[in-house]
Amino acid sequence: MATEQSPPEAGTTAPVDFTAYQQNPQFKELRKRHRSFVFPMAVFFLLWYFLYVLLASYATDFMSTPVWGNINIGLIMGLLQFVTTFAITMGYVTYANRKLDPIAADIRHELEVAAPEVFNEQSGANK
């Protein structure tokens with residue numbers, strides 16, 4: 001159960017200005033690395049998905065081409081949508097572990113050192 005926190009006294013300021021911390025070079029690098037993976041991958045997947053939908057709608061003869069027994073190109077491409085989703089997820093987890101998490105851990109450590117009381121209150125409320 002979360003406890004009620006009283007508002008800060010008039011004239012006091014928060015120990016860390018998180019909005020201002022966004023200008024930190026490490027935070028900017030973290031955001032840049034995140035976006036450099038997420039945006040291209042999102043564009044790739046949307047293009048792949050819309051290709052599948054458009055082919056299913058307008059190229060029915062192509063999509064119904066048998067490959068093996070009752071298995072046709074449309075079914076294979078539909079299943080590849082799921083495979084692509086899992087591959088992107090695994091790729092992101094690997095990328096985040098190697099490129100994002102070390103920077104995020106450094107940033108969190110700096111903020112915890114600057115304002116330990118803020119993080120102690122938050123972690124205590126989550127237990």
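Numbers for residues simply follow the sequence, beginning at 1.
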Side-chain heavy atoms under 4.5 angstrom apart, residues restricted to Ile, Leu, Val, Met, Phe, Trp, Tyr: same cluster for [X] and [Y]?
{"X": "Ile76", "Y": "Trp68", "result": "yes"}
{"X": "Phe45", "Y": "Val53", "result": "yes"}
{"X": "Val83", "Y": "Ile71", "result": "yes"}
{"X": "Val93", "Y": "Ile103", "result": "no"}

Is any side-chain heavy atom of [X] closer than 4.5 Å to a side-chain heavy atom of [Y]?
{"X": "Glu110", "Y": "Gln26", "answer": "yes"}
{"X": "Tyr92", "Y": "His34", "answer": "yes"}
{"X": "Leu46", "Y": "Phe50", "answer": "yes"}
{"X": "Thr65", "Y": "Ile73", "answer": "yes"}

N/O donor-acceptor pair under 3.5 Å between [X] side chain and [Y] backbone:
{"X": "Tyr49", "Y": "Phe44", "value": "no"}
{"X": "Thr60", "Y": "Ala56", "value": "no"}
{"X": "Arg33", "Y": "Lys99", "value": "yes"}

When the ring planes of Tyr21 and Phe27 are compared, do they come out parallel, tilted or perpendicular, using 30° and 60° as the limits?
-> perpendicular
On a heavy-atom basis, the closest approach of Ala96 and Pro102 is O-CD, 4.3 Å
When rounded to the nearest 0.5 angstrom, what is the spacing between [atom1] in [X] and [atom2] in [Y]?
{"X": "Leu54", "Y": "Met63", "atom1": "CG", "atom2": "CE", "answer": "10.0 Å"}
{"X": "Arg108", "Y": "Asp101", "atom1": "CZ", "atom2": "CG", "answer": "12.5 Å"}
{"X": "Arg31", "Y": "Asn24", "atom1": "CZ", "atom2": "CG", "answer": "10.0 Å"}
{"X": "Asp106", "Y": "Glu29", "atom1": "CG", "atom2": "CD", "answer": "12.0 Å"}
{"X": "Ser36", "Y": "Leu100", "atom1": "OG", "atom2": "CG", "answer": "8.0 Å"}
{"X": "Lys32", "Y": "Leu30", "atom1": "NZ", "atom2": "CG", "answer": "12.0 Å"}

For Asn97, does the CG atom have more than 12 heavy-atom neighbours from other residues, nucleotides or ligands under 6.0 Å away?
-> yes
Pair Thr94-Arg98, side chain to side chain contact (heavy atoms under 4.5 Å, CB included): steps then yes or no = CA-CA 6 Å; Thr94 302; Arg98 286 186 300 117; 3.7 Å; yes
Full working for side chain to side chain contact (heavy atoms under 4.5 Å, CB included) between Ser57 and Tyr52 | CA-CA 9 Å; Ser57 297; Tyr52 172 70; over 6 Å; no
Just do the side chain to side chain contact (heavy atoms under 4.5 Å, CB included) check on Met77 and Trp48 with the steps written out, would you?
-> CA-CA 10 Å; Met77 287 182 70; Trp48 163 228; 3.6 Å; yes
